[in-house]
Asker: 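Dropping a structure here in structure tokens format, bear with me for questions.
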Amino acid sequence: YRLNGQCSPKTPFAPPNHQILLGANRPPDSVCLPRTNNMTVKTIFKYFVIWQLAILTITFLSRFFLPLRETYLGSATQSYLKNPLLYSRANFDGNHYLSIAQNGYGYAQQAFFPLYPKLIRFFTPYFPSPIWSGLFISNISFFISLIVLYRLVLLDHSPQIARWSL
């Protein structure tokens with residue numbers, strides 16, 4: 001909250017008990033909520049990169065310790081064997097979304113919403129293959145959702161708790 005031109009974690013405003021019961025426990029306009037600044041976005045990006053590296057590391061190491069179960073790969077077994085680090089991220093529903101983006105809806109694919117396949121199809125000319133455009137969309141969406149989650153938690157909790165929520 002803003003106090004003397006600075007944001008402070010403590011609020012100078014305490015609503016009466018009847019306002020709390022009615023859900024009107026918001027501070028007046030004279031105070032401010034902390035904003036996401038560049039340092040916080042850099043920190044969130046750092047967490048994002050660490051998470052992506054952890055996924056790649058686990059994927060790489062799993063090839064040596066876990067047997068390949070082709071039933072989980074659907075029809076993409078050959079693609080997976082060519083590039084396991086890339087195609088391991090297109091398992092399960094990813095196969096369906098890529099198929100819808102390339103060929104339109106097929107049998108038993110009506111359960112998948114059309115926005116993601118349309119975005120994959122839109123971005124595919126800018127990438128070597130549809131899976132790269134799908135990864136681009138997924139990663140950008142994930143990064144933006146991390147920022148939104150941080151700011152949402154920051155509305156009710158301290159910056160330390162918001163950071164731990166990531």
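Here the structure is a predicted model, which is why all the values come from computation and not from measurement. Hydrogens, waters and symmetry mates are skipped; everything else that's a heavy atom, side chains included, is used.
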Asker: Do the side chains of S133 and F122 get nearer than 4.5 Å, heavy atoms only?
Answerer: no
Asker: Where do S99 and Q109 come nearest, in terms of heavy atoms and distance?
Answerer: OG-NE2, 3.6 Å
Asker: Using modelled atom types and a 3.5 Å cut-off, is there a donor and acceptor pairing between side-chain atoms of S165 and backbone atoms of A162?
Answerer: yes
Asker: Anything under 30° is parallel, anything over 60° is perpendicular, the rest tilted; go ahead and classify F142 against F48.
Answerer: tilted
Asker: Has Y116 got a side-chain atom pairing as donor or acceptor with G134's backbone, closer than 3.5 angstrom?
Answerer: yes
Asker: State, to 0.1 Å, how close R163 and Y150 come at their nearest heavy-atom pair, and which atoms those are.
Answerer: N-CE1, 3.7 Å
Asker: Kindly give the heavy-atom pair with the smallest separation between I55 and T59, and that separation in Å.
Answerer: O-OG1, 2.7 Å
Asker: Measure the CZ-CZ distance between F136 and F127 for me, rounded to the nearest 0.5 Å.
Answerer: 4.5 Å
Asker: Can you name the one residue among F112, Y105, Y107 that meets ring-ring contact (aromatic ring centres under 6.0 Å, His included) with H96?
Answerer: F112
Asker: Closest heavy-atom contact between R121 and I100?
Answerer: NH2-O, 3.4 Å
Asker: Using every non-hydrogen atom in the two residues, find where A101 and P117 come nearest and quote the distance to one decimal.
Answerer: CB-O, 3.5 Å
Asker: Rounded to the nearest 0.5 Å, how far does CD1 of I137 lie from NZ of K118?
Answerer: 13.0 Å
Asker: Identify whether I50 and I147 are in the same connected component of the hydrophobic contact network (ILVMFWY, side-chain heavy atoms under 4.5 Å).
Answerer: no
Asker: Hey, what do you get for OH (Y97) to CG (L115), rounding to the nearest 0.5 Å?
Answerer: 9.5 Å
Asker: Tell me the closest heavy-atom pair linking L149 and L166, and the distance in Å.
Answerer: CD2-CD2, 4.2 Å
Asker: Is W164 reachable from V153 through a run of I, L, V, M, F, W or Y residues, each pair having side-chain heavy atoms under 4.5 Å apart?
Answerer: no
Asker: So does I120 get a backbone contact from the side chain of T124, meaning a donor-acceptor N/O pair under 3.5 Å?
Answerer: yes
Asker: To the nearest 0.5 Å, what is the distance between CD1 (I144) and CD1 (I44)?
Answerer: 11.5 Å
Asker: Would you call the rings of F45 and F143 parallel, tilted or perpendicular, taking 30° and 60° as the class edges?
Answerer: perpendicular
Asker: Would a hydrophobic clustering, with Ile, Leu, Val, Met, Phe, Trp and Tyr connected at side-chain separations under 4.5 Å, put I140 with Y126?
Answerer: yes
Asker: Nearest 0.5 Å, what's the OG-CG distance between S145 and L152?
Answerer: 11.5 Å
Asker: Using side-chain heavy atoms (C-beta onward) and a distance below 4.5 Å, is L56 in contact with F60?
Answerer: no
